[in-house]
Every structure is written in structure tokens, then in C-alpha cells.
Amino acid sequence: MAMHITDFKIGLAYASPPSSAKDIRNTSKNDMVHTLDSTPYMPIFKKANRFHENVRVANELEEIIHDLNVEAFVVTWPIESNGRMGKKCGKVLQVLDVLAAHARFF
């Protein structure tokens with residue numbers, strides 16, 4: 001599963017692993033990757049409300065991961081144009097921390 005984490009949503013895509021190299025050659029690109037509706041994610045600054053939003057997002061992702069039998073993640077890493085980590089990378093780390101705290105699916 002691929003995750004693209006932005007300020008207000010988590011974009012998701014998944015692919016079923018082929019059973020052999022032969023399957024890769026006989027499958028079109030459109031058959032291999034499937035996009036899902038984005039999961040809205042709103043950063044909330046009040047601690048009590050933020051907890052509920054984090055639980056909601058973690059539960060939604062857990063359900064998707066379970067339904068699709070996800071075995072691995074690829075997460076985008078949005079470095080700045082100068083090659084350094086910036087605010088966007090911090091957002092990715094924040095969301096991954098939330099998911100790790102609800103580690104029932106990791």
C-alpha cells in the first residue's frame with residue numbers, strides 16, 4: 001500500500017503482488033495499481049479533539065489494511081527543493097506516529 005500524506009488528507013493506493021515474474025509481464029499497469037478515496041485528516045490543536053481525530057483515522061486505515069490484507073507500506077517523503085526535510089516531512093512523521101500508537105495493524 002502506498003500512502004501520500006498531506007496537510008488535510010491521506011491518499012491511498014494499493015497493488016496486489018503478482019505470484020510470479022510471468023504475471024508482471026502479462027498484466028497491464030492499470031490492472032496492477034488501484035487508488036482509493038482519500039482519507040480526510042484534519043489537524044486539530046485541542047488535545048481532546050485531536051485524540052478523537054487520530055483514533056478515527058487510525059481505525060479507518062486499520063479497516064482498509066485488514067480488508068486488503070496489506071503486508072507493507074510505501075510512504076511518500078516530501079523533501080524540499082533544496083533536498084532538506086521541511087514542514088511536510090514533519091507532517092508525515094506526525095501521522096506515522098499516530099498510526100504507530102494504534103499499532104494493532106503494524
Rounded distance [0.5 Å steps], CG in Leu61 versus CZ in Phe73: 7.5 Å
What's the spacing between Gln94 CD and Ile5 CD1 if we round to 0.5 Å? 10.0 Å
With sequence neighbours excluded, residues passing side-chain contact (heavy atoms from CB on, under 4.5 Å) with Leu68: Met1, Tyr14, Leu36, Ile64, Val70
side-chain contact (heavy atoms from CB on, under 4.5 Å) partners for Lys9, two or more places apart: Thr6, Ser38
Could you state whether Val95 and Val74 fall into the same hydrophobic cluster, counting links through intermediate Ile, Leu, Val, Met, Phe, Trp or Tyr residues with side-chain heavy atoms under 4.5 angstrom apart?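 No.
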Co-membership, hydrophobic cluster, residues Ile10 and Trp77, 4.5 Å side-chain: yes
Partners meeting side-chain hydrogen bond (donor to acceptor under 3.5 Å, both in side chains) with [X] (sequence neighbours left out):
{"X": "Glu80", "answer": "none"}
{"X": "His4", "answer": "Thr76"}
{"X": "Thr39", "answer": "Glu60"}

What pair of heavy atoms forms the shortest contact from Val92 to Pro78, and how long is it? CG2-CD, 3.8 Å
For the residue pair Glu62 and Asp67, establish whether any side-chain heavy-atom pair is separated by less than 4.5 Å. no
